Amino acid sequence: MLKKIFFVVILIFSAISCYRPERNCADFKNGEFIFTTIVDGEELKTTFTRTDDLEIDYFEGKVDSSSVRWINECEYIVKKLHPDNKAEEKPIHMKILSTTDNSYTFEYSIVGEAKKQKGTVTKTN
């Protein structure tokens, strides 16, 4: 009986530890997207269009563009083409963690910094 319980526990542990979230990153390399976040209790939306090497952001009536350099299928670096200040000059590392049919969850950080934040983007086209 003890052997059966041990076997079941090992089987369950093996199944749980092998779980990997779905990552169909290629589906999100190009298209139109919406990113929504809460800042100081206010919901803010950014829409953007991305091609293989360019991202155009639309936020609060302003348009901004960034270069996109893919590191691998699920990670890329974004760097503003026309930064307004020193902080905007820093490139941002983006990593897609999981995907669904029309959205992906990602983490991002300034290149070289350890602090990471997460978000979710929805593909609209």
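Quick caveat: nothing in here was measured; it's all calculated off a predicted structure. Values reported hereafter were calculated over all heavy atoms of this structure, with side chains retained and with hydrogens, waters and symmetry mates removed.
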Side-chain ion pair, Lys29 and Asp52, N-O less than 4.0 Å: no

Exercise: identify the closest heavy-atom pair between Lys80 and Ser66: CA-OG, 3.6 Å

Distance (rounded to the nearest 0.5 Å) between Glu89 CD and His82 NE2: 13.0 Å

Point-to-point distance, once rounded to the nearest 0.5 Å, from OG of Ser103 to CD1 of Ile34: 12.0 Å

Transitive ILVMFWY side-chain link Leu54 to Tyr58, under 4.5 Å: yes

Donor-acceptor contact below 3.5 Å, side chain Asp40 vs main chain Glu42: no

Enclosure of Lys116 NZ (heavy-atom neighbours >12, cutoff 6.0 Å): yes

Student check: side-chain heavy atoms of Asn125 and Thr49 closer than 4.5 Å: no

Pairs satisfying disulfide bond (SG atoms under 2.5 Å apart), at least one member in residues 76-125, at least two apart: none

Glu55 bridged to Arg50 by N-O distance under 4.0 Å: yes

Residues in salt bridge (charged side-chain N to carboxylate O under 4.0 Å, His left out) contact with Asp57, at least two apart in sequence or another chain: none

Pairwise disulfide bond (SG atoms under 2.5 Å apart) hits with a residue in residues 87-125, at least two apart: none

Pairs flagged by disulfide bond (SG atoms under 2.5 Å apart) wherever residues 50-125 is involved - sequence neighbours left out: Cys25-Cys74

Separation of Glu60 CD from Lys62 NZ (nearest 0.5 Å): 7.5 Å

Side chains of Lys45 and Thr37 in contact at under 4.5 Å (non-hydrogen atoms): no

Members sharing Val111's hydrophobic cluster (side chains within less than 4.5 Å): Ile71, Ile77

Test log, rule side chain to side chain contact (heavy atoms under 4.5 Å, CB included), inputs Thr105 and Thr100: CA-CA 9 Å; Thr105 300; Thr100 66; over 6 Å; no

Co-members of Trp70 in a cluster of I, L, V, M, F, W and Y side chains, linked at under 4.5 Å: Phe28, Phe33, Phe35, Phe48, Val68, Tyr76, Val78, Ile92, Met94, Ile96, Tyr104, Phe106, Tyr108, Val121

CA sep, side-chain torsions, deciding dist, call: Glu88, Lys86, side chain to side chain contact (heavy atoms under 4.5 Å, CB included): CA-CA 5 Å; Glu88 290 184 358; Lys86 285 283 190 193; over 6 Å; no

Validation row: Lys79, Ser67 side chains within 4.5 angstrom (heavy atoms): yes

From NZ (Lys95) to CG (Leu97), nearest 0.5 Å: 6.5 Å

Straight-line distance of Lys90 NZ to Asn85 CG, nearest 0.5 Å: 10.0 Å

pair Val63-Ile56: side-chain heavy atoms closer than 4.5 Å: yes

Derivation and outcome, side chain to side chain contact (heavy atoms under 4.5 Å, CB included), residues Lys123 and Asp101: CA-CA 9 Å; Lys123 187 171 185 177; Asp101 289 342; over 6 Å; no

